[in-house]
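Numbering of ligands and ligand atoms starts at 1, following listing order. The first residue in the sequence is number 1, and the count goes up from there.
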Amino acid sequence: MANAVETPLTDCGQVTARPPLPPEKLGALSRDILALKRQLNAVILAHNYQVPEIQDLADYVGDSLGLSQQAAHTRADVIVFCGVHFMAETAKILNPKKRVILPDQDAGCSLEESCPPAKLAALQATNPKFYTISYINCSAGVKALSDVICTSGNAVKIVNAAPPDRDLLFVPDENLGAWVREQTGRPMTLWPGNCYAHVEFTHASIMRVRREYPDAPVVAHPECTRAVRLLANEICSTEKMVTYCQRSPAQTIIIATEAGMLHRLKKECPGKQFIAAPTDSCRCNECKFMKLNTLEKLYDCLANQNPRIELSETIMNRARIPITRMLEISARPNA
Ligand code: 13P
Ligand code: SF4
């Protein structure tokens, strides 16, 4: 056991940044993780919001779309998913015979919580013409009720590909849904859910940071509210933020998403300055779920091959259909 230390919380229930591990401990733990990974023929997939130590030793770091594409093609026997629960579930659905483990099984998501499958089924029953497009941030049970899945990286393409004669129902993020509706012009019924962390950015908090850095463009995630999106120079998924920032001539860029993103951006764009957009509350630009994963828990989950994702065959077989449809549409050349 690496003696996983619980991550402390602030007054408003947020996870606080833990002090960095001493270099000797970091080095030893990283070596042990890589040795276990080789022994198990495992692959470590990490989301862009993971703590720097995890990003630095992962085999792949990216957004939800990139991670699901990696999961669909991996030859590893064990998938270690450093992200949140719905991401690990997606990897399991795509690899039902493989072992999928995650450092902390309590790493949930407020969007997933907002949309219980039974409530969705009740809404679907009110209109037989509904075509359900579910943001990947939802449970396997919701995926199993969906026609197609999308991520923030491909949502516009997925909605554009939806059958023209159906009534579109977009779940569970009302902010991403509203942005996609503006981009595509397709009317959609939106589920009333949101990301508790992204809605903490406000018009006032972004105006404040813009005044401080008047020449810096603002890059925002589409989970932000419209009031924030209106102030952004670019709205995109976390992976597209990397390409935008690499191509931008700006030397200083304001990032309105979970603050873990800055580690990846600093690595990919050396020499540029990134400013984490503030919220109106303390540390609320960190996702308390993403930050549950630590290097010690990563070691423990590899050593114990637990916690692991277990899902019923029926749910997996049904949920794989809309995920595969998403991957197929996403791979089509852009019109
Ligand atoms: P991305 O797919 O853009 O990385 O977004 C995932 C997420 O959970 C954002 O909060
Ligand atoms: Fe869910 Fe928001 Fe955390 Fe992303 S940042 S995992 S949407 S709670």
Q.
If only side-chain N and O atoms count, and only distance matters, is there a donor-acceptor pair under 3.5 Å linking Tyr135 with Glu223?
A. yes
Q: Examine the side chains of Thr184 and Asn160 and answer whether a donor and an acceptor come within less than 3.5 Å of each other.
A: no
Q.
As a quick check of understanding, evaluate side chain to side chain donor-acceptor pair (under 3.5 Å) for Thr252 and Gln273, giving each step before the final call.
A. CA-CA 5 Å; Thr252 302; Gln273 185 189 21; 3.0 Å; yes
Q.
Is there a polar contact, in the sense of an N or O pair closer than 3.5 Å, between Asn48 and ligand 1?
A. no
**Q.** Within reach of ligand 2, part of Asn137 (heavy-atom separation under 4.0 Å)
**A.** side chain
Q: Considering the heavy atoms of Leu111, write down every atom of ligand 2 situated less than 4.0 Å from one of them.
A: 7 (S)
Q) So which bit of Asn137 gets within less than 4.0 Å of ligand 1, heavy atoms only: side chain, backbone, both or neither? A) side chain
Q.
Regarding Thr257 and His198, do their side chains bring together a donor and an acceptor under 3.5 Å, going by distance alone?
A. yes
Q) Can you check side chain to side chain donor-acceptor pair (under 3.5 Å) on Asp63 and Thr238, steps first, answer last? A) CA-CA 6 Å; Asp63 68 356; Thr238 59; 4.8 Å; no
Q. Can Asn293 and Gln50 be counted as having a side-chain donor-acceptor contact under 3.5 angstrom?
A. yes
Q. If you count the atoms of ligand 2 from 1 in the order shown, which ones are under 4.0 Å from a heavy atom of Ser110?
A. 8 (S)
Q: Select one of side chain, backbone, both or neither to describe which atoms of Glu258 lie under 4.0 Å from any atom of ligand 1, heavy atoms only.
A: neither
Q. If two hydrophobic side chains count as joined below 4.5 Å and joins carry through other members, does Leu111 share a cluster with Val180?
A. yes
Q. What's the shortest distance from atom 2 (O) of ligand 1 to any protein heavy atom, and which residue and atom give it?
A. Ser64 OG, 2.9 Å
Q: Scan Leu102, Asp104, Leu57 and name whichever one has a side-chain contact (heavy atoms from CB on, under 4.5 Å) with Leu298.
A: Leu57
Q) Taking distance alone, with no angle check, do Thr151 and ligand 1 share an N/O pair under 3.5 Å? A) no
Q) Out of Arg264, Lys266, Lys267, which one pairs with Asp56 under the salt bridge (Lys or Arg N to Asp or Glu O under 4.0 Å) rule? A) Lys267
Q. For atom 5 (S) of ligand 2, which candidate among Ser114, Ala107, Gly193, Cys195 provides the closest heavy atom?
A. Cys195
**Q.** For atom 1 (Fe) of ligand 2, closest protein heavy-atom neighbour
**A.** Cys109 SG, 2.4 Å
Q | Ligand-side contact atoms (ligand 1) for residue partner Tyr49, heavy atom cut-off under 4.0 Å | A | 7 (C), 9 (C), 10 (O)
Q) Judging by distance only, is a nitrogen or oxygen of Ser237 under 3.5 angstrom from one on ligand 1? A) no
Q: Give a yes/no answer: is there an N/O/S atom of Cys287 under 2.8 Å from atom 3 (Fe) of ligand 2?
A: yes
Q. Should the pair Lys92 and Phe81 be classed as cation-pi, given the thresholds of under 6.0 Å to the six-membered ring centre and 45° from the axis?
A. no
Q.
I need the atoms of ligand 2 closer than 4.0 Å to a non-hydrogen atom of Tyr196, numbered in the order shown.
A. 8 (S)
Q) Any side-chain donor-acceptor pair under 3.5 Å between Arg38 and Asn41? A) no
Q.
Under 4.0 Å, heavy-atom basis, I'd like to know which part of Glu239 is in contact with ligand 1: side chain, backbone, both or neither.
A. neither
Q. Can you list the atoms of ligand 1 that are under 4.0 Å from a heavy atom of His198?
A. 10 (O)
Q: May I ask you to check if ligand 1 and Ser152 share an N or O to N or O distance below 3.5 Å?
A: yes
Q. Considering only the protein, which heavy-atom contact is closest to atom 10 (O) of ligand 1, and what is its distance?
A. Glu223 OE1, 2.9 Å
Q) Any non-hydrogen atom of Glu223 lying under 4.0 Å from ligand 2? A) yes
Q | Enumerated ligand 1 atoms positioned under 4.0 Å from heavy atoms of His221 | A | 1 (P), 3 (O), 5 (O), 9 (C)
Q. Are a donor atom and an acceptor atom from the side chains of Thr132 and Gln124 found within less than 3.5 Å of each other?
A. yes
